[in-house]
Amino acid sequence: MTVTLTHYLVLGALLFVCGALCMALKRNGIGVLMGVELVLNGANVNFVALAHFNPAFAVEGQIFALFVIVMAAAEAAIALAIVLNFYNNHLSVDVDTAEELKG
Amino acid sequence: MSTNELQAILFYLVAAITALCAIGVVVTQHIVRAATWLLFTLAGTAGVFFLLGADFVAAIQILVYVGGTLVLVVFGVMLTAQSPFISLRASAAEWAIGTVVGFLLFGMLAVSLYSANWNFPEPGQTASPKNSMNSVVLGESLLGFEEATPAANMTGFPPGAAPPSRKAVAYLLPFEIVSVHLLVVLIGAAYLARARRRRQATST
Amino acid sequence: MQYDLLIMSLVIFIPALFALVLMMPWFFPKGWEELMRWWALLGTAVTMVLSIVMFIHYYQSVYQIDSNPDDKSTSLLSKRLADVEKRELNHEAPLGNDWVARIPWIERFNIQYYVGVDGISMPLILLTTVISFLAMLASWNIENQVRGYCILFLLLETGMLGTFMALDFFLFYIFWEVMLLPMYFLIGIWGGPNREYAAIKFFLYTLLGSVFILIAILGFYFTDVRDFVDQRRVEQLVEQIAKSKHLTVREAEQQATINTFDIILLHRVGEAASNVIKNKSEHIDIPGIRAAGSDQEKLEAVSKRLTDQPFFQKWFQITMFLLLLVGFAIKVPVFPFHTWLPDAHVEAPTPISMILAGILLKMGGYGILRIAYPICPWAAEYLAGLVVALGIISIVYGAFAAMAQTDFKKLVAYSSISHMGYVILGIGVWQVTTGTQYWSWGMNGAMYQMIAHGISSAGMFFLVGVIYDRAHHRNLDNFRGLYEPMPLYSGMSALIFFAALGLPGLCGFVGEFMVVLAALNYSITIAVLAALTVVITAAYILWTLQRVYLGHNPAYADYPDMNLREILCIVPLAVLAVVFGVMPNLLLSWMSPSVTGLVETLAQLSK
Amino acid sequence: MSALSEQPGLYFVVATILPMVSFLLLILTAFLRHAARACDSPLCNTLYRVLGGGRPGRTAAYVATTAIALSFVCSLVGAIHFASHGQDHHRIEELKEEAHHLESEFAHRPVEEHPKIEKELQTVNAEIHRLESKWVGRIEWANPAGPYGTKKDARASILYVGYRIDNLTVVMFLMVTLIATLIHIFSIGYMSEELAEEVEDHQVHTADGHLKRRGRFGRFFLFLSLFCFSMLNLVLADNLFQVFVSWELVGICSYLLIGFNYERQSASNAANKAFITNRVGDAGFVIGLLIIWTYIGTFNFEEIFKTIRAPLTDSHGVRPLRTKIDGEYVPLGARIVRANLVVEDGEKKLVPSQTGDQAVLFSPKVHLHVEDADPGDETDESKWYLKSFYPDFDSTDSMPYWLLVAAGLGIFVGCVGKSAQFPLHVWLPDAMEGPTPVSALIHAATMVAAGVYLVARAFPLFTAEALIVIAYVGGITLFVAATIAIVQTDIKKVLAYSTVSQLGYMMLALGVGGWVAGIFHLITHAFFKALLFLCSGSVIFGCHHEQEMTKMGGLFPKMKITALTMLVGVLTIAGTPLFSGWYSKDMIVAQSLGYVRLHPEHFLLFLLPVVTAGITTFYMFRMWLMTFTGKPRDKHVFEHAKESPATMTIPLIVLAVFSICVAWGWPLHDPEASHLNKVIHHGQPHHVLADFGGLAELGELEHAPGLVFKHVERSERYWALKLHGLAELSAFVAAGIGVIFAFLLYYQSRQTGKTRLDPEEAREQFPGVYALFANKWYFDELYSALLVRPALRVSQWCKAFDLRGIDGVINGSGRCTVTLSRWSGWVDRYIVDGLVNLIASVSYGVGSWLRRVQTGYIRSYVLFLVLAAIGVFAILSYFLAMAAAG
């Protein structure tokens, strides 16, 4: 029972789905942020798994994962700043109160 | 117990923990708990990286994500953690839709994963310290050393066409740019998130 | 730089340049209306002087017939143009004194900036510049929007001069339209109470005419004229095609077509068309056939081109001729296309009436002479009866309609229709079985009548304007007795009106008499009708004089006579009326060689 | 000066130009004066004052009178030259014969001598040209042929102006300039009222009394000068075109002078009537001109005559042509030849015939070969005649005969208009609105005579048919006008109708072949009619512009000179023996009698002039008696009447003298001996003899060499004298009856104021006839109903047609377009726009329904995103599967 690439990819997909659902179901802004982190992690799992199983991608896979991690950190910082600003403006972190874009 | 088996067991274990924790993040209603579940998910992911022989990435994952990002998230939670917002509940209908959609998406991804034909030049190898991509190799790769570059052709070319053999590429400069970018973003985030005393005064 | 090109272009564009300067507000700030008028007057004066200079040079350099009696062709545009073409092909510098000049403009469509003068256009150009100058002098009492008025006036002059000089259909059409728009605004903005109706009527009528002309122009353009140009040009073209499309010479030859807007070239084609239709191949002397020599295949190709193209068919010639005729007849105007004229005249301000009657109407006659007849000679001969009928109906109808008018300006307008009918009649009397001299009298008479009518009608409209300024009405029944308070004005009016009446010794007589002299050779009935109309003409003109000037009316007893500006305006016209009436040879001596040359060329075709 | 002695014809040209110079001078001054008056500046004011200012001066009169007097002097000098150059004709004949001789030498002499002969021939030809050009000359006026004309002398290619002096010209010049000079002098007196700064016109009434206007002394002489120029130019002309030009110019002068008092409605109406009526005549003139131009190709009189008339002599201008008719030799040349145009074997041929439909045209240079023909052999004499001098006859040119008749009639219509002949006579009596000197000069002596002059000048152009028309028109005119004159009470109108009547005499004379008689009467009439008019002017002037004879009477003691000179005029017109009118009038009557003797069916042509001679005497004496004798009818007029000043009476006396003796010769009683008659006779064209060879008096034939034969002449002379006596007698009797009736009806004894017979009674006896005469035979009413009103109605139709017909169509199509565009607007709004709006509203509905999807909740967006991804995947995979399945 070897662990094949597909296993890892399924894990990544699961994380991705969890992240997406997290974004869709959490009313708390920070929860949404967490969902984003989960999605990114799912992607990272895929990167690294592919880097492992595809020698032509060995270096790039990992490096892209690194990039994603860094970008996620940056994104988290920014998103948190936005959430804090949002909180300052609306006195709430409930994203449902931000409905100015309603058609 | 062969290396493969051990690896499989470890994989299933880590993967199960990660998946469950991720589901926990989704399911839990309390934001602080969700942060805790997330912590374990991220850590699990780092474990998966270890299993895949990507030591350096795993380390960075723990350092940056678990150590940095998550702390940041927790700070955010704490800063906004007033009682009404700790547990904002979604409606049951939302939950129902979310579950269905989640399953659909997962099903779709799963189907596509299984139906895909991963036509790699070499079959996957098991991870071993020998051929793990440790930080030294990765560092050399980043600098673009020829020797560090795996001797394999590039993938993804249409059948019949001869794939060009790959050359070493140095990723150091982008990496540096990304690092500086991170720095800038962090400073920017700090600026954005600073407290404003008089909202009215600025808005008018 | 070619001297003739320079001076001709200057004459055309100087008014436009003056208009351009006038457009710039920093040269002529608001409120400086007087200066604007002077500037516009200067523009017309400069143009007039230049046109006279042009005339003198033209006269000296081209009209050398007296010194060389055997060479009859120097006065003919087509001959001079052939020389120009030859020089172009030999890469020689163009002559500066042949009064034909062309430079390529839009080469893709073979459109050229192509101007020239001869005895037909020269008198009309002089008339244009002189009348424009006098009309500008008469514009001093235009009070509102002087800047716009002057600009449009000058643009109008450019349009008119361009029309008379252009030898390229495209250029001609552009100038034709350039002339139309300012006129529309000049009537529509500065006109009388009913000006919108008149302006739109004028515009639509003339636009309809120009649409007809445009259709004809396009019809001509799609004719392949490769057999009528110098064959070296065709060879060059064939080479080009062969090179660019990788074809053999023989294939390229089949693809080579030359389309043209060149009016004079189309004259040649028209001649050939007439001969083709009449099946007189022995008369067809065209470069294409000459170049083909005895090459049977080439000859067949040429004859195929000459017989298959619509241009060489009867129906096409007739259609095109009718299009052109109607287009130009509207401008003349000829019954039944004339009703825009009275309205336009009544509503237009005085100087614009002068221009309208003095020059614009001549475009129609000029167009028929220069374009319709030479390009469609077969149809012109075939439909000569129609042209003559239009002419005589205009003469009689215009005279009768004039008699019934009570508006002074309308009366003059209808008299214009009657007098311009003589132009059409003179052009139309194509009957050369007994020799060309009678038709030549008619054609020359038509030209002379155009000039004479330009002088007399401009004068008449000016005189009506003078009295309108004082009395503020034009109702003939309400005048009477202007002779006593305004003797100078009345004397001048009598002179100009007698000129219009065709009194010997004044310009109107010469043209009319020449035309009538030609008429009997065409048809006795027509001649008798034309002769009898002099009675009607005398009746309405004398009746008008009686109603306006004779008698006694205390209401007008303290009217001032003409002021200095008005005197300056009318005296040149009066002097011209007398001079051209007493010495017709003054004009005929350099005008008739071109006109008679045209007659001879066309007459060749009906033999 | 040397040019004048080389070409004495130029004297007449100078005489013509002098009045023009005067005209130009006067008009320039007038223009400058008015221009200076119009603009207000010190310089202009000074100029205005220098040029005469507001008050008219006499200068204009002096300038004009000097000019016309100089013209008279020039004409006189020219006439003396002309008289002394009579031998030129002989010399030319000699030279021509010499030239012919030289030409024949070429054949006989050897070739080397040819240059010498040629040189001689050139000298002879140059001499001929010099002699011929003494009295002729021309310049190009309009030449449209330019260098393209095949030949300079090709027909109908150039219009010339020129002059040609012959006897007729000279006589006319002398007459016109002399009378014009006298009338100018008379006018200085007559028009002196116009010298005032303000003139009162009694005939125009305004709100505040009579009209007051500026004096117009200068303007009168301005117009007179222009008139003199035009009239002299008319006489001078050597071609019809120039005649036509002058014709119109005299017409316009007449118009301007009739309308001199243009404030009067009657004056301006009369001016218009005169010009328009003349224009009717001119239209006919133009038609005649056109026919001549088109078929003959020249306007020159000589060339026209040479073309339409068979040559008089052979190619060398020497040998006369003749043939035998009724056993007698008569001249054959100079006749109009008729023929039929026959096509034989595709070739056109002319076959001579007395009734042919073609008139044969001869080129000016005809080669005659009389020798080839034998007069005796040919039965068809006219054919022989043609063949005799023109072997190429078959190929010669021709024109339709009826067009030749029409051309002559066209020209004659012009003359009818100008000479106020029936039916265009209506304008002349109205023209009396002009000042009396104008009536004398233009409407009696000169301009109206121009019609007669032209008929005489263009005589060879008239065919027999045209001539009979001319004769009848003259006959009708003279009778009709005389009958109207009987009942006129305006002194000038009597004279006007008398003028019309006398002009009718002249026309009649010309029509029956009395060329000499017509011109003779033209000259004498000019003098006595000018005299009569000036006398009436003197009377009118003396009576303060009273023209009604019913207010005059008994003026003899007050104005003796006027009365006596007028009596001279009356006696002259009445045909008193030894007065000039007697010679000319009797000659006309004799001429018509001669004609009637040959053509009895035209007896009216004799009857009318004889009867009218009586009527003429009657109304002339009536006029004189009513004016000068009896009791004054109007005290007011009588008291103010006075004799006119010397400037007016002197011309009267001079004219009276001329009226009596202008026709005298020696012996006095013989009209043939009259010097004037002889001079006119010299000028008679040969064609008159050719046409009326059996009638004309062939007196002075030695000046027309080789023309006619003595025995013909003798017989004619015999007949003429015999008839003359008869005619004289009948005319004398008629005149006598007229005089008796006039005295019976109008001589009032000074004491009782009663006449022997009461004119009122006579009037009541014939009411219908009186009404007819008094209403001028209803001509004005007839024309108004037949011509004027229909013309106005047609013009109204034209106007209405323009407004309703053409503009109706235009505006109607405009309205149609507007309606159409309304429809299309409706279609646009409700169908096209409706469709568009429907689509828009549907999409709006869909959108507003869909906008609910845009919840604004980030979370739902994520869900949608995911769903969309799934959907896209599903679709893609479906299609990929399809593709894979093929």
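The shown structure was predicted, so the numbers you read here are calculated from the model rather than taken from an experiment. In the text below, chain A, chain B and the rest are named by the order of the sequence lines, each starting its count at 1.
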- Message: Side chains of Leu503(C) and Tyr255(D), heavy atoms from C-beta outward: is any pair under 4.5 Å?
- Response: no
- Task: Kindly indicate whether the side chain of Phe275(D), heavy atoms from C-beta on, has any atom under 4.5 Å from the side chain of Ile541(C).
- Result: no
- Message: Heavy-atom cut-off 4.5 Å, strictly under: side chain, backbone, both or neither for Ile291(D) against chain C?
- Response: both
- Assert top hit (heavy-atom pairs under 4.5 Å, partner chain C, pool Val286(D), Val280(D), Val794(D)) equals Val794(D)
- Message: What part of Asn553(C) gets within 4.5 angstrom of chain D, counting heavy atoms only: side chain, backbone, both, or neither?
- Response: neither
- Message: Are the side chains of Phe513(C) and Val245(D) in contact, using a 4.5 Å heavy-atom criterion?
- Response: no
- Task: Would you check, one step at a time, whether the test side chain to side chain donor-acceptor pair (under 3.5 Å) holds for Gln437(C) with Ser157(D)?
- Result: CA-CA 6 Å; Gln437(C) 70 269 42; Ser157(D) 59; over 6 Å; no
- Which bit of Tyr489(C) comes within less than 4.5 Å of chain D, counting heavy atoms only: side chain, backbone, both or neither? neither
- Task: Would you mind checking which part of Leu532(C) comes under 4.5 Å of any heavy atom in chain D, side chain (CB onward), backbone (N, CA, C, O), both or neither?
- Result: both
- Item | Arg804(D) atom CZ: more than 12 heavy-atom contacts under 6.0 Å | no
- Task: For the residue pair Phe801(D) and Tyr397(C), categorise the inter-ring angle as parallel (less than 30°), tilted (30 to 60°) or perpendicular (more than 60°).
- Result: perpendicular
- Task: Output yes when a side-chain donor or acceptor of Thr596(C) lies under 3.5 Å from a complementary backbone atom of Pro144(D), and no otherwise.
- Result: yes
- Item | side chain to side chain donor-acceptor pair (under 3.5 Å) evaluation trace for Glu484(C) with Tyr262(D) | CA-CA 10 Å; Glu484(C) 193 59 22; Tyr262(D) 50 77; 2.9 Å; yes
- Task: Return the minimal non-hydrogen interatomic distance between Glu248(D) and Gly502(C), and the atom names on each side.
- Result: OE1-O, 4.3 Å
- Side chain Asn585(C), main chain Asn143(D), donor-acceptor under 3.5 Å: yes
- Task: Measure the CG-CZ distance between Leu550(C) and Arg264(D) for me, rounded to the nearest 0.5 Å.
- Result: 13.5 Å
- Task: Taking all heavy atoms of Ala404(C) and all of Ser795(D), pick out the closest pair and write down the distance.
- Result: CB-O, 3.3 Å
- Looking only at Tyr540(C), Tyr205(C), Tyr549(C), the option with the highest number of non-hydrogen pairs under 4.5 Å against chain D is Tyr205(C)
- Measure across Leu517(C) and Leu290(D) and return the closest heavy-atom pair with its distance rounded to 0.1 Å. CA-CD2, 3.5 Å
- Message: Does any backbone or side-chain atom of Pro560(C) lie under 4.5 Å from a heavy atom of chain D? Answer side chain, backbone, both or neither.
- Response: neither
- Item | Most contacts with chain C, counted as non-hydrogen pairs under 4.5 angstrom, among Val788(D), Ile252(D), Val161(D) | Ile252(D)
- Message: Report which part of Arg37(D) has an atom under 4.5 Å of a heavy atom belonging to chain C: side chain, backbone, both, or neither.
- Response: side chain
- Query: Using non-hydrogen atoms only, which part of Leu545(C) is less than 4.5 Å away from chain D: side chain, backbone, both, or neither?
  - Reply: side chain
- Query: Is there side-chain contact between Leu501(C) and Arg279(D), with at least one heavy-atom pair below 4.5 Å?
  - Reply: yes
- Which one, Met562(C), Gln546(C), Met403(C), leads in non-hydrogen pairs under 4.5 Å with chain D? Gln546(C)
- What part of Met492(C) lies closer than 4.5 angstrom to a heavy atom of chain D: side chain, backbone, both or neither? side chain
- So which of Leu289(D), Asp282(D), Asn269(D) has the biggest tally of heavy-atom pairs under 4.5 Å with chain C? Asn269(D)
- Note on the structure: All heavy atoms of Gly551(C) vs all of Glu263(D), minimum pair found to be O-CG, 3.7 Å
- Winner by heavy-atom pair count (cut-off under 4.5 Å) against chain C, out of Ile806(D), Leu256(D), Ile27(D): Ile806(D)
- Query: Which distance, rounded to the nearest 0.5 Å, do you find between the CG of Leu564(C) and the SG of Cys44(D)?
  - Reply: 7.0 Å
- Pick from Ile524(C), Val528(C), Leu520(C), Val516(C): which one makes a side-chain contact (heavy atoms from CB on, under 4.5 Å) with Ile287(D)? Val528(C)
- Can you tell me how far the CE atom of Met583(C) sits from the CD atom of Glu140(D), to the nearest 0.5 Å? 14.5 Å
- Residue, of Tyr448(C), Phe400(C), Trp340(C), Trp441(C), that accumulates the most heavy atom pairs under 4.5 Å with chain D: Trp441(C)
- Query: Using non-hydrogen atoms only, which part of Asn261(D) is less than 4.5 Å away from chain C: side chain, backbone, both, or neither?
  - Reply: neither
- Task: Can you measure from CG (Leu159(D)) to CE (Met514(C)) and round to the nearest 0.5 angstrom?
- Result: 7.5 Å
- Item | Interface moiety of Val595(C) toward chain D, non-hydrogen atoms closer than 4.5 Å | neither
- Measuring from Ile810(D):CD1 to Phe337(C):CZ, what's the distance to the nearest 0.5 Å? 9.5 Å
- Query: At their closest point, which heavy atom of Ala283(D) faces which heavy atom of Ala531(C), and how far apart are they?
  - Reply: CB-O, 3.6 Å
- Could you have a look at Val534(C), Thr537(C), Asp561(C) and say which one has the most heavy-atom pairs with chain D under 4.5 angstrom? Val534(C)
- Note on the structure: Heavy-atom nearest pair, Tyr438(C) first then Trp293(D), reads OH-O, 2.8 Å
- Message: Nearest 0.5 Å, please: how far is CZ in Phe31(D) from CG in Leu488(C)?
- Response: 5.5 Å
- Message: Is there a side-chain contact between Thr406(C) and Lys799(D) in this structure, where contact means two heavy atoms from C-beta onward sitting under 4.5 Å apart?
- Response: yes
